[in-house]
Protein chains: 2
Amino acid sequence: MELACNLCQNLVMDGQAPRKTLPRLDESLLIHLPPFSRLAKRQIRTILDQATSRRYDEGAAVFHEGDPADRFFMLLDGYVRVIRITETGEQVTALHIPAGQLLGFARAIGRDTYPATAVAATESIALSWPTRLWDTFLADYDGFATETYKTLGYRMGEMNTRIVELATQQVEQRVANALLRLINQTGRKVDGGIEIDFPITRQDLSELTATTLHTVSRLLSGWEKRGLVESRRKRIKVCNPHALVVLSQGQASD
Amino acid sequence: MELACNLCQNLVMDGQAPRKTLPRLDESLLIHLPPFSRLAKRQIRTILDQATSRRYDEGAAVFHEGDPADRFFMLLDGYVRVIRITETGEQVTALHIPAGQLLGFARAIGRDTYPATAVAATESIALSWPTRLWDTFLADYDGFATETYKTLGYRMGEMNTRIVELATQQVEQRVANALLRLINQTGRKVDGGIEIDFPITRQDLSELTATTLHTVSRLLSGWEKRGLVESRRKRIKVCNPHALVVLSQGQASD
DNA sequence: AATTCTATTTGCGCTGGCGCAAAGAGGTTT
DNA sequence: AAACCTCTTTGCGCCAGCGCAAATAGAATT
């Protein structure tokens, strides 16, 4: 289920400018992605011709909470972090979205502004379409509706899980769970373990688990001493997922 | 936006048996509810003829997490609490649903089991239909899709808010917020304030705010001394909403 | 009226994890 | 290579709020 990234090559070459439609978007960009997989080549062509593609630097916002939801997106490469910011300026990360998923489809849930801010967790590429096309997509493209609502359901499940975790678990369990979820969803097998596929700081992890960067740092240090994880600056590798599972569920193993 | 409860009278008379379709469901039951409000009388008739109505005692489950989602529901009267139960047996309340809303429409988000358990917070009445009719409703009834997805969006917003609250606020603020939300959504004006329209214990409130019944009790006692609320067994009345708003957002006064 | 059950209140001690502070360490720019 | 910046680590003290325990108070049942 990996994205053929060489397809994106020409997009990446585009450089940092927020550029509009490119010479030629290849149909194979979309053909394997669930929302579009049932469509004929001609339909894909139409869809691509209406799309705008753009590259986002690490940390760049794809859209902002509260902005009018005038476009919806398909993430082609990279990872996006969905965050909310409180009145007091604290950030809370709601979700990570991997390549191959739709995002910013506020329209699907009857909203006309984005409910949260989306930030590229790593250099990313996304296609986008004007929101007015949303209903067309839904009506005209077989399987599109079903798939997007599945995505919606999945994200609701994720949110629910986070609520339950925040409500019932200790910090150590929450961080362990977050780490496990990250390697499941965005993990990359490397020598000696599984590494999170994008740069992630202690601060980021703390925003994902409702704690402080200090506590996350202490936990990771402890785990590293016990050989559960290895970490460098902005990189975390899980060496012993099973031990983490134990931590995430049960009592502290000491 | 109140439900004409006399319409339900004959249903209530039905007693406690889990009964099937009743002699005659009146069309005015649905005509004013958003998902159906655009429909012709004949359509409503068809919908009602396919519906099963049932009364739920306080505390009775409408459906259980994990069960096959073979029916979807419209709450006609009462309130339903949506809860999840952790492996360790703790309950977490996700949401309260007031009369007039759909629930259990797992199908809409591509699921075939219920993602949570729904329990009647007070004696309640709901219509239900077999899930296989869902797609028919969506396709045939104008405005139905839009409305249900609005509901979905609203609930996602609620969940998001809870996540942010749990992640960033102190217990006192969370309880104040929960109380405010409850009186906004399900409040009933009574002498000297606004009362939550269904029986709710300290325990319930603690499951809604991720704390313990003890802490909730202490907070309510304190607030009662200061005249912000009045409470009896299973009943809470908010006398000074504004002061609660202050508590819910800012620093503890005093 | 007595019993039982559920809901609420309150006291007290303990601790997980936050806040503060300061020092290291790895990267990047000049 | 020096200066700067961001990220990480670690120590220490404190306190919000939990856990435990026990008393009280309404409702419901007998």
Side-chain angles (χ1 to χ4, degrees), chain A residues 57-59 86 88-92 121-122 165-179 196 198-226 229-237 247 250-254, chain B residues 57-59 88-92 121-122 165-176 178-179 196 198-226 229-237 247 250-254:
Chain A
D57 280 325
E58 181 178 332
T86 66
T88 58
E90 290 151 303
Q91 287 195 11
V92 178
T122 182
E165 280 184 15
L166 286 173
T168 64
Q169 299 186 335
Q170 309 262 90
V171 169
E172 181 173 48
Q173 302 177 54
R174 295 206 301 269
V175 176
N177 270 314
L179 223 45
I196 296 172
F198 54 84
I200 184 165
T201 65
R202 309 290 185 261
Q203 174 75 35
D204 292 334
L205 247 188
S206 74
E207 283 166 8
L208 195 56
T209 50
T211 179
T212 61
L213 76 159
H214 309 276
T215 300
V216 170
S217 177
R218 279 182 255 264
L219 286 171
L220 285 179
S221 295
W223 294 344
E224 185 138 20
K225 283 201 186 85
R226 292 199 270 153
V229 303
E230 275 175 41
S231 69
R232 343 187 303 265
R233 181 176 243 244
K234 287 193 176 192
R235 290 282 164 190
I236 303 175
K237 177 170 76 175
L247 276 188
Q251 231 51 279
S253 68
D254 181 27
Chain B
D57 281 324
E58 180 178 334
T88 58
E90 291 150 300
Q91 288 195 10
V92 178
T122 182
E165 281 185 14
L166 287 173
T168 63
Q169 299 185 335
Q170 309 261 89
V171 169
E172 181 173 49
Q173 302 176 54
R174 295 205 303 268
V175 176
L179 222 44
I196 296 172
F198 54 84
I200 185 165
T201 66
R202 309 291 185 263
Q203 174 75 34
D204 292 334
L205 205 46
S206 76
E207 283 165 9
L208 195 58
T209 50
T211 178
T212 61
L213 78 159
H214 309 277
T215 301
V216 170
S217 177
R218 280 183 256 265
L219 286 171
L220 286 179
S221 296
W223 293 345
E224 185 138 17
K225 282 201 187 83
R226 290 201 270 152
V229 303
E230 276 174 42
S231 69
R232 346 190 298 267
R233 179 177 243 244
K234 287 191 175 193
R235 290 283 165 190
I236 302 174
K237 178 170 75 177
L247 276 186
Q251 231 52 280
S253 72
D254 180 24

Tabulate below the donor-acceptor pairs under 3.5 Å that side-chain atoms of residues 213-220 of chain B make, not counting sequence neighbours, or state none.
| residue | atom | partner | partner atom | Å |
| --- | --- | --- | --- | --- |
| B:T215 | OG1 | B:T212 | OG1 | 3.1 |

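Between B:R202 and B:I236 there is a side-chain heavy-atom pair separated by less than 4.5 Å. In this structure, A:T209 and A:V171 have side chains that are not in contact, with every pair of non-hydrogen atoms separated by 4.5 Å or more.
For the side chain to side chain contact (heavy atoms under 4.5 Å, CB included) test, residues two or more places apart in sequence or in another chain that qualify with B:T168 are A:T86, A:E90, A:V92, B:V164. Every residue two or more places apart in sequence or in another chain that forms a side-chain hydrogen bond (donor to acceptor under 3.5 Å, both in side chains) with B:E224 is listed here: B:S231. Scored by the side chain to side chain contact (heavy atoms under 4.5 Å, CB included) test, B:A176 finds B:W223, B:L244, B:L247, B:S248 as partners (sequence neighbours excluded). Under the side-chain hydrogen bond (donor to acceptor under 3.5 Å, both in side chains) criterion, B:Q91 pairs with no residue at all, not counting sequence neighbours. Residues satisfying the side-chain hydrogen bond (donor to acceptor under 3.5 Å, both in side chains) criterion with B:Q170, sequence neighbours excluded, are absent altogether. Scored by the side chain to side chain contact (heavy atoms under 4.5 Å, CB included) test, B:R233 finds no partners at all (sequence neighbours excluded).
Phosphate contact (OP1/OP2 of C:dT8, side-chain N/O of B:R202, threshold under 4.0 Å): present.
Computed from coordinates, the A:E224 CD to C:dA25 P distance equals 14 Å when rounded to whole Å. Here C:dT8 presents its P atom at 8 Å from NZ of B:K234, a figure rounded to the nearest Å. Taking atom CZ on A:R235 and atom C1' on C:dA25, their separation rounds to 18 Å, with Å as the unit. Rounded to an integer number of Å, the gap from CD of A:Q173 to P of C:dG16 is 13 Å. Distance CG (B:D204) to P (C:dT6): 14 Å, rounded to an integer number of Å. The distance from atom CD of B:E58 to atom C1' of C:dT6 is 12 Å, rounded to the nearest whole Å. Rounded to an integer number of Å, the gap from A:Q169 CD to C:dG16 P is 16 Å.
On the nucleic acid side, DNA chain D contacts chain A at distances under 4.0 Å to non-hydrogen atoms, with the end points of that region at D:dT6 to D:dC12.
Axis angle between the ends of the helix from C:dA1-D:dT30 to C:dT30-D:dA1, five pairs each and rounded to 10 degrees, works out to 40°.
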Passes side chain to side chain contact (heavy atoms under 4.5 Å, CB included), B:T211 versus B:L205? Steps please. CA-CA 8 Å; B:T211 178; B:L205 205 46; over 6 Å; no

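Less than 4.0 Å separates DNA chain D from at least one heavy atom of each of the following residues of residues 210-222 of chain A: A:L213, A:H214, A:S217, A:R218, A:S221.
Put simply, the side chain of A:N177 never gets that close to the backbone of A:R174: no donor and acceptor are under 3.5 Å apart.
Taking every side-chain heavy atom of A:V171 into account, C:dG17 is the closest of C:dT9, C:dG17, C:dT6.
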